[in-house]
Amino acid sequence: PGTFSEAAYLDIAMSYVPVLRRDRSDSVQRGYDDTLAVLDEIVARAAPTPVAIAVLPTELQVNPQLRASALSQLQLREQDLDLDAPARATRAHLEARGVAVIDLLPALAAAERDGNTYAPRDSHWNERGNEVAAEVLAESLEATVRRIAETKPARTRVDAQRNGMH
């Protein structure tokens, strides 16, 4: 049945369009800047513990049918949007600071071609979407942990093994 009515969910989806527009407004840019500042604070507070940030797409980014409906209502075209803008901005900002960024958009968009990854008229993943996200996160975090372990001084790894923490 869906959490929201079709009209209500389309309104929710359309509310994300300004964040994805190629011609971003000043207020949306401030939102990007504020979000990146919050992420910087998270990274700073976690230091020296390494941090990985996952960028979660909206269904509007993943579901072409929903996107077409929203764009039609707003009299916009697909070319007016940059679906990767949030992840690209996050990646550029955080990777320059040595923070791992995990972008779930490519995997969820690919999986969406074979069936829904979001619950009907709901902004949350369904079981399939959760499985896709879990696989990407597990693979990415495993690779990130290995990179971190490889950059640690050998003495630290030896001490951890001695203390049974390997």
* **Other residues, nucleotides, ligands: >12 heavy atoms within 6.0 Å of R146 CZ** => no
* **Q79 atom CD: more than 12 heavy-atom contacts under 6.0 Å** => yes
* To do: Quickly, which of V99, L36, L39 forms a side chain to side chain contact (heavy atoms under 4.5 Å, CB included) with H93? Name it, please.
  => L36
Return the [atom1] to [atom2] distance between [X] and [Y], rounded to the nearest 0.5 Å.
| X | Y | atom1 | atom2 | result |
| --- | --- | --- | --- | --- |
| E139 | T144 | CD | OG1 | 11.5 Å |
| E112 | T117 | CD | OG1 | 4.0 Å |
| L108 | R128 | CG | CZ | 9.0 Å |

* All pairs passing salt bridge (charged side-chain N to carboxylate O under 4.0 Å, His left out) where residues 50-68 contributes a residue, at least two apart -> R67-E78
* Asked: For R113, what residues pass the side-chain hydrogen bond (donor to acceptor under 3.5 Å, both in side chains) criterion, not counting sequence neighbours?
  -> none
* Asked: With sequence neighbours excluded, what pairs up with D33 under the side-chain hydrogen bond (donor to acceptor under 3.5 Å, both in side chains) test?
  -> Q29
* Asked: For the side chain of Y32 and the backbone of V19, is there at least one donor-acceptor N/O pair under 3.5 Å apart?
  -> yes
* Asked: When you measure from the side chain of R121 to the backbone N and O of F4, does any donor-acceptor pair fall under 3.5 Å?
  -> yes
* Going only through I, L, V, M, F, W and Y residues with side-chain contacts under 4.5 Å, is there a path from I102 to I53? -> no
* Asked: Does a side-chain N-to-carboxylate-O contact under 4.0 Å join E41 and R45?
  -> yes
* Asked: Are D80 and R21 within salt-bridge range, i.e. N to O under 4.0 Å?
  -> no
* Asked: Going by atom types only, do N130 and H124 share a side-chain donor-acceptor pair under 3.5 Å?
  -> no
